[in-house]
Amino acid sequence: MARRRRNNPALCPCGSDLSYGKCCAPFHRGEATPESPQALVRARYSAYAKQEVDYIIDTTDPDGDAWQQPQNQWRIDIRRFGRKAIFVGVDIVAAEVRENSATVTFVAKLRRRGNDASFTEVSQFTCRDGHWLYAAGRPQS
Ligand SMILES: [Zn+2]
């Protein structure tokens with residue numbers, strides 16, 4: 001599966017086995033909004049892979065710990081993170097969804113310079129006017 005995915009750049013980086021156009025691209029183009037924080041995790045993961053910097057910033061809660069200033073440096077960091085990695089897919093490990101907030105634990109599977117660079121993160125989300133936003137994240141040890 002992983003080999004087929006690497007050989008087929010049309011598949012979505014989030015690892016859904018769907019084409020990018022039928023999976024996360026409509027979110028990045030602003031044609032659709034993720035209906036759950038789990039879907040937002042996938043969309044943001046593939047946004048890093050596709051260098052969709054605006055999408056990362058637009059889906060971050062300005063009142064959350066994940067919001068960064070100055071924005072110029074933040075944009076550079078987002079691009080750098082995506083450029084140096086091979087995106088293998090993202091796995092949702094646990095999700096606790098409340099009315100206007102959620103906690104999602106996920107494994108971001110990555111490779112850097114031939115080495116496994118995957119990490120597990122516990123992330124917090126807020127929901128504003130029907131839109132889920134990434135508020136904060138911390139690595140799970
Ligand atoms: Zn996707």
Side-chain angles (χ1 to χ4, degrees), residues 1-69 71-141:
M1 288 288 261
R3 177 164 299 165
R4 184 162 56 87
R5 184 173 302 143
R6 267 199 297 279
N7 289 342
N8 188 346
L11 288 178
C12 193
C14 79
S16 63
D17 279 336
L18 296 170
S19 73
Y20 175 57
K22 289 199 168 128
C23 188
C24 292
F27 301 136
H28 299 163
R29 293 193 205 114
E31 296 165 1
T33 301
E35 288 180 3
S36 67
Q38 297 96 315
L40 179 58
V41 167
R42 306 189 75 84
R44 286 173 54 92
Y45 176 89
S46 50
Y48 275 104
K50 294 283 186 182
Q51 302 272 296
E52 292 281 354
V53 176
D54 287 342
Y55 189 78
I56 298 293
I57 291 173
D58 291 348
T59 57
T60 301
D61 184 350
D63 296 331
D65 288 344
W67 187 260
Q68 291 184 36
Q69 295 281 6
Q71 215 177 88
N72 283 352
Q73 184 58 47
W74 189 12
R75 288 177 169 277
I76 290 166
D77 292 344
I78 292 168
R79 282 202 197 87
R80 192 173 286 151
F81 179 86
R83 244 199 317 264
K84 288 185 176 170
I86 293 169
F87 289 77
V88 182
V90 61
D91 289 338
I92 308 294
V93 177
E96 190 187 331
V97 182
R98 297 164 294 267
E99 194 173 349
N100 288 311
S101 67
T103 305
V104 179
T105 304
F106 62 88
V107 181
K109 293 183 284 184
L110 299 164
R111 294 186 69 76
R112 283 179 205 280
R113 297 173 182 273
N115 296 313
D116 182 31
S118 304
F119 62 90
T120 303
E121 185 181 303
V122 181
S123 50
Q124 307 298 326
F125 294 83
T126 50
C127 190
R128 295 240 173 88
D129 303 323
H131 294 267
W132 286 100
L133 297 170
Y134 177 77
R138 60 176 168 78
Q140 189 185 57
S141 49

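Everything quoted here is computed from the prediction, not taken from an experiment. Both ligands and their constituent atoms are indexed starting at 1 by order of listing.
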Is the ring pair Phe87/Phe81 parallel, tilted or perpendicular, if the boundaries are 30 and 60 degrees?
perpendicular
For the side chain to side chain contact (heavy atoms under 4.5 Å, CB included) test, which of Cys24, Pro26, Ser19 pairs with Lys22?
Ser19
So for atom CG, which belongs to Asp65, do other residues, nucleotides or ligands contribute more than 12 heavy atoms lying within a distance under 6.0 Å?
no
Return yes when atom CZ of Arg113 has more than 12 non-hydrogen atoms of other residues, nucleotides or ligands closer than 6.0 Å, and no otherwise.
no
Near the Zn ion (ligand 1) (protein N/O/S, cut-off 2.8 Å, waters excluded) we have Cys12 SG, Cys14 SG, Cys23 SG, Cys24 SG
As an exercise, state the distance from OH of Tyr45 to CD1 of Ile56, rounded to the nearest 0.5 Å.
12.0 Å
Atom pair OG1/CZ of Thr59 and Arg44 - distance to nearest 0.5 Å:
4.0 Å
